[in-house]
Amino acid sequence: MTLILPRRPKPGLTRRHLLGTGIAASAALALPAISRAASRPVFDLGVQSGDVRAHSGVVWTRADRPARIALEVATTESFRDARQVAMLNALPEGDMAVKCLLTDLPADQHIFYRFTATDLTDSNATSEPVTGQFRTAPTERRNIRFAWSGDTAGQGWGIDDEGMVTYATMARHELDFFIHSGDTIYADGPMQPETETETGIWKNTVLIPEVTKVAETIDEFRGRWKYNQMDRHVQAMSAMVPTFFQWDDHEVVNNWSPGKDLTDDDRYTEKSVPLLTARAARAFHEMTPISYTPAEPGRVYRKIAYGPLLDVFFLDLRSYRGANSDGMQTDITADSQILGKAQMDWLKTALKASRATWKVIACDMPIGLCVWDKVGDVKNVEAVANGDNGKPLGRELEFADLLRFIRDQKIVNTVWLTADVHYTAAHHYSPDRAAIQDFNPFWEFVSGPLHAGTFGPNDLDMTFGPEVRFVKAPEAGRVNLPPSEGMQFFGLVDIDAATAQMKVRLMDRGDAELWSVTLDPETA
């Protein structure tokens, strides 16, 4: 089994050159100690930042051993004005990963942070520092650019010689932040050294034991996260661009819900889905820079305020759902819900209170696409749509209630971003085409995969009147295309400070613009 570490760039390369060539900036920053004495701690996975707001942000790293980690923050790349903000303990029970919420930061400012580790068993063994940066959110109008997509290292397609190229492509756009819309890992997808494809042999040139079987133990779930961060393009982008994470099913097991049954899945010795979910959730929060919510530890749904032009609302369609079923319930109950009352109440309150021009709703699954959970001859609803094209039933009831609330409260400029289905599309929803009429038209944009198999397209359910304005997916009969086919997708969003217009572009990993639309803001 071969493990290839990220290449080290030449000294003196600039941020723009590092990102433009796809060379891992963090390999230079995070891994210089590899060639030094093995007695020194090493930051083997670089750094990450996330959940950046006007005056705060979360930063993350991991040491290769138990260590005391000093964290410094500066507003200059030279760290001339550095101040130490924390001393963090990297311990085995947390897999030597640490993260910290930085507070009292200046708004709309480039922030540089630096970690230095000291071996807890040898105070003379100190690492080389590892550094990263992000820009805090503005409090005044300015141009904003961000990307979104989903699905990393799925269907057995891991790190090949080229690496996860879509990350390098996104990073070249010098993003304010990146939204990872779910399926951030594939805990249920074992990888092999080689896989035969239509055009040749795919070789996973980087493999670790944790990704060669389904994840069951906490260390195996952690290993999936570590594997993705080993990719040179992922690590380079993580050092420069904050990632705002949400999750979906593959962080645990395919199509998981309270009704998931692993009895006949011989890959698993651990059959308890609740136990697997608990381990997966712990790994998710340990290995990402997602912020911590003391009122509900482990909560994924949240709002990121990004200045007067943008609020981002992250949903969790996984944690509070009832069991996957035929989706034909006539009332909102624990069995039919997918958001749950607490999350729905929070979302309505937060949307109503928002004063931002644009309200982006980051949803880990699409609204109107039919996504199925097939077990034998039974076909249950996995997402929202139940495929009957009629009045709202099952999980559609919550979305009908939400869309009605948005209309009645005169909440304007809501845009939905999602992934999950492994192709890219633009959907326009309108009551003129719908089974119900008590909502306002809105857009839903679909992207992904980042580095996984390409599928689709899925059928549309007409309950909320979706219309496909653009789609790019494999030709009929072609499924699970590898990343080498080039059909890996992400979306780019630009908000113009002068006009407040939002431009949405659907892109592929070669950086080709496939389709775009410019949206004018409405006034309530």
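Reckoned from all heavy atoms, side chains included, excluding hydrogens, waters and symmetry mates.
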Under a 4.0 Å N-O cut-off, is there an ion pair linking K503 with D494?
no
Inter-residue atom distance M164.CE - T152.OG1, 0.5 Å rounding:
6.5 Å
Between T333 and Q337: side-chain donor-acceptor atoms closer than 3.5 Å:
no
Minimum heavy-atom distance between N386 and D326, given as atom pair plus value:
CB-O, 4.0 Å
Does D264, at its CG atom, have more than 12 non-hydrogen atoms belonging to other residues, nucleotides or ligands within less than 6.0 Å?
no
Between R321 and E382, is there a side-chain N and carboxylate O pair less than 4.0 Å apart?
yes
Taking salt bridge (charged side-chain N to carboxylate O under 4.0 Å, His left out) as the criterion, tell me which of K352, K303, R53 meets it with D311.
K303
Taking the six-membered ring for Trp, is the centroid-to-centroid distance between F455 and H422 below 6.0 Å?
yes
Not counting sequence neighbours, list each pair that qualifies as a ring pair (Phe, Tyr, Trp, His ring centres under 6.0 Å) and has a residue in residues 332-384.
Y301-W346
Is the closest basic N to carboxylate O distance between K213 and E220 below 4.0 Å?
yes
T243 versus F177: any side-chain heavy-atom pair under 4.5 Å?
no
Salt bridge check, K341 against D345: does any charged N sit closer than 4.0 Å to a carboxylate O?
yes
In short, S56 meets L101 closest at the heavy-atom pair CB-CD1, 4.1 Å
Salt bridge (charged side-chain N to carboxylate O under 4.0 Å, His left out) filter on K260, not counting sequence neighbours, yields none
Between R302 and D51, does any NZ, NE, NH1 or NH2 come within less than 4.0 Å of an OD or OE carboxylate oxygen?
yes
Is it true that E286 and R222 have a side-chain N and a carboxylate O under 4.0 angstrom from each other?
yes
Any salt bridge between R407 and D438, counting N to O under 4.0 Å?
no
Does K348 come within less than 4.0 Å of D401, counting only side-chain N to carboxylate O?
yes
Charged N to carboxylate O under 4.0 angstrom, D176 versus R145?
no
Salt-bridge present (D265, K271; N to O < 4.0 Å):
no
Spatial distance of atom CG (D316) from atom CH2 (W247) [nearest 0.5 Å]
7.0 Å
Ring pair (Phe, Tyr, Trp, His ring centres under 6.0 Å): pairs with one or both residues in residues 381-407, sequence neighbours excluded:
F399-W416
Check ion pair D248-R318 (N to O, under 4.0 angstrom):
yes
Shortest non-hydrogen contact from A147 to L175?
CB-CD1, 3.7 Å
Under 3.5 Å, is there a donor-acceptor pair between the T288 and Q48 side chains?
no
Nearest-0.5 Å distance that lies between atom CG in N324 and atom CH2 in W256:
10.5 Å
Of all heavy-atom pairs between C100 and L88, which one has the smallest distance, and what is that distance?
CB-CD1, 4.1 Å
Under 4.0 Å between a side-chain nitrogen and a carboxylate oxygen: does that hold for K391 and E396?
no
Hey, what's the ring geometry for W515 with F445, parallel, tilted or perpendicular (30° and 60° as the breaks)?
tilted
Using a strict cut-off of less than 4.0 Å between a Lys/Arg side-chain nitrogen and an Asp/Glu carboxylate oxygen, indicate whether R279 and E216 qualify as a salt bridge.
no
Which heavy atom in G368 sits nearest to a heavy atom in Y429, and how many Å separate them?
N-OH, 2.9 Å
Answer yes or no: does atom CD of E93 have more than 12 heavy-atom neighbours from other residues, nucleotides or ligands under 6.0 Å?
yes
